[in-house]
There are 2 protein chains.
Amino acid sequence: MNTELSPKAAEIIAHTRSLLEAGSYNSFSYADISARVHISKASIHHHFPSKAELVRVVVARYRIEARAGMAVLNQQLADPLDALKAYVNYWSKCIKDGTSSFCICALLAAEMPTIPEEVAAEVQGHFEDLSTWLTSIFAKGVAEGKFHLKDSPAIEARGFMASVHGAMLAARGFGDPQAFETLAQLSINRLTLAN
Amino acid sequence: MNTELSPKAAEIIAHTRSLLEAGSYNSFSYADISARVHISKASIHHHFPSKAELVRVVVARYRIEARAGMAVLNQQLADPLDALKAYVNYWSKCIKDGTSSFCICALLAAEMPTIPEEVAAEVQGHFEDLSTWLTSIFAKGVAEGKFHLKDSPAIEARGFMASVHGAMLAARGFGDPQAFETLAQLSINRLTLAN
DNA sequence: GTGTTTTAATCTACTAGTAGGTAGATTAAC
DNA sequence: GTTAATCTACCTACTAGTAGATTAAAACAC
């Protein structure tokens, strides 16, 4: 599979991702992308035959980026707590500086019953990628005696993931971007401090 | 303010809520409601002048229901842990029997930047209602020596709320409705068990 | 109580605008 | 001279919303 993209295709993907991030699958149109990329709607169709395919590619590339990020954390941070802190800090920074304000897979997961199948499959794939990685980190933390968990690493990892996604939702729901960091930090603190 | 509704208006609201629940603000149209309620699109406009107003009313009534639910829990369950368990069980049951599969305010919060202002204000109102109630329950749990928290009741309450919303997201993301109960239970267990 | 007037609820028919997508020609690159 | 990228012009279906007529039930007058 070729992952190389023409500059315009890359631009289309970048803008689609940020439009998606702001709302939902149905909250933006080819006209919106057209206006931002300065290209006709027909030209977008030349690069991506349909909206479902465009969004599918956006999510597929998002997954590649995410997996690469997890691999980097695995390589650079031997300590499982440091890895989780780095993961959370990545999002804190993105939300703070406006790089990105929400995980597009979390957004799309919310509207799963109404999005095209091929997009839904990629979204579920990301949920599995992320929970698998978090499970391995949690298992490591337990094995090294660093984490004190009440349930299995797999369940705790999914719970952690849910808390992080919920923190993003809270930041938007309360209209307070800072809420993400505050709540994500809480999930981090719970891992080691015995009470 | 009159909260009485004609039967058709009530039907319109009920179907709008379930359509909203499945996806997003932009994932359904007046035509969808029209087909379900067996009424013309123009008649929907007679009851609710605009889509923004219709959804605003749906959310406003959802908030009334939610506040009534919290009041009932306050009256019937003196123990704060029982109250939280009842709150979580309410959603577990709804998700299991198909009554409701997602909090519409959590759904709308995800797409906050793209929904009409008046709807966003109601959504934020619900986030505040719910976190205020949860904070009072958490404070009670601490005062009675039943909960062992690492942070303030206000922060822990928001963290709990985020976990519950994240659990709903996980159920959809993994395509596994059971995931909600599993993850929500985890949040409940954390409140009392010392580790 | 009957006749009259309002009001609410519904309809068909329509509007302007937008959705995603296509046809076919033109231009630029290799 | 083929291929990729772009354009204008267009299509059909659908979007929220409106106009104006019709029906049926209340509300009021006498």
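Below, chain A is the first sequence line, B the second, and so on; all start at residue 1.
Residues from residues 108-117 of chain B placing a heavy atom under 4.0 Å of any atom in DNA chain D do not occur. Only at 4.0 angstrom or more do the heavy atoms of residues 15-25 of chain A sit from any atom of DNA chain C, so none qualifies. Contacts between residues 32-49 of chain B and DNA chain D, defined by a heavy-atom separation under 4.0 Å, are made by B:Lys41, B:Ala42, B:His45.
Legend: residues meeting ring-ring contact (aromatic ring centres under 6.0 Å, His included) with A:Phe48, ordered by chain and number and at least two apart, are absent. Taking B:Phe160 as the reference, B:Phe138 meet the ring-ring contact (aromatic ring centres under 6.0 Å, His included) condition, with sequence neighbours excluded.
Within the structure, ring pair (Phe, Tyr, Trp, His ring centres under 6.0 Å) contacts touching residues 99-121 of chain A (residues at least two apart or in different chains) do not occur. Applying the salt bridge (charged side-chain N to carboxylate O under 4.0 Å, His left out) test to pairs two or more places apart or on separate chains, those with a residue in residues 62-83 of chain B are B:Arg17-B:Glu65, B:Arg63-B:Glu122, B:Arg63-B:Asp129, B:Arg67-B:Asp129, B:Asp79-B:Lys146. Among residue pairs with one or both ends in residues 152-176 of chain A, those qualifying as salt bridge (charged side-chain N to carboxylate O under 4.0 Å, His left out) are A:Glu156-B:Arg190; sequence neighbours excluded.
Residue A:Ser29 places at least one side-chain N or O under 4.0 Å from the OP1 or OP2 atom of C:dA19.
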Can I get a per-line list of side-chain donor-acceptor pairs under 3.5 Å for residues 104-112 of chain A, giving both atom names and the distance, sequence neighbours left out?
residue  : atom : partner : partner atom : Å
A:Glu111 : OE2  : A:Tyr25 : N            : 2.7

Show which side-chain atoms of residues 36-43 of chain B pair as donor or acceptor with protein atoms under 3.5 Å away, not counting sequence neighbours.
residue : atom : partner : partner atom : Å
B:Arg36 : NH1  : B:Asp32 : O            : 3.4
B:His38 : ND1  : B:Ala35 : O            : 3.4
B:Ser40 : OG   : B:Ser43 : N            : 3.2
B:Ser40 : OG   : B:Ser43 : OG           : 3.0

If you look only at distance, which donor and acceptor atoms sit under 3.5 Å apart when one is on a side chain in residues 68-77 of chain A and the other is two or more places apart or in another chain?
residue : atom : partner  : partner atom : Å
A:Asn74 : OD1  : A:Trp133 : NE1          : 3.0

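The CE atom of B:Met168 lies 7.5 Å from the OG atom of B:Ser100; values are rounded to the nearest 0.5 Å. How far CD1 of B:Ile137 is from OG1 of B:Thr132: 12.0 Å, rounded to the nearest 0.5 Å.
With 3.5 Å as the limit, one finds no donor-acceptor pair spanning the side chains of B:Asn26 and B:Ser24.
At whole-Å resolution of the value, CG in B:Asn26 and P in D:dC14 are 17 Å apart. When the P atom of C:dG17 is taken as reference, atom OH of A:Tyr30 falls 24 Å away, rounded to whole Å. Atom P of nucleotide C:dA19 and atom CZ of B:Phe28 are separated by 17 Å, given to the nearest angstrom.
A:Lys140 places a side-chain N or O within 3.5 Å of a backbone atom of A:Ala78 that can act as its donor or acceptor partner. Of the possible donor and acceptor atoms, none in the side chain of A:Glu118 sits under 3.5 Å from a partner among the backbone N and O of A:Glu53.
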Listing time: all N or O pairs from protein to nucleotides 22-25 of chain D that are below 3.5 Å?
none

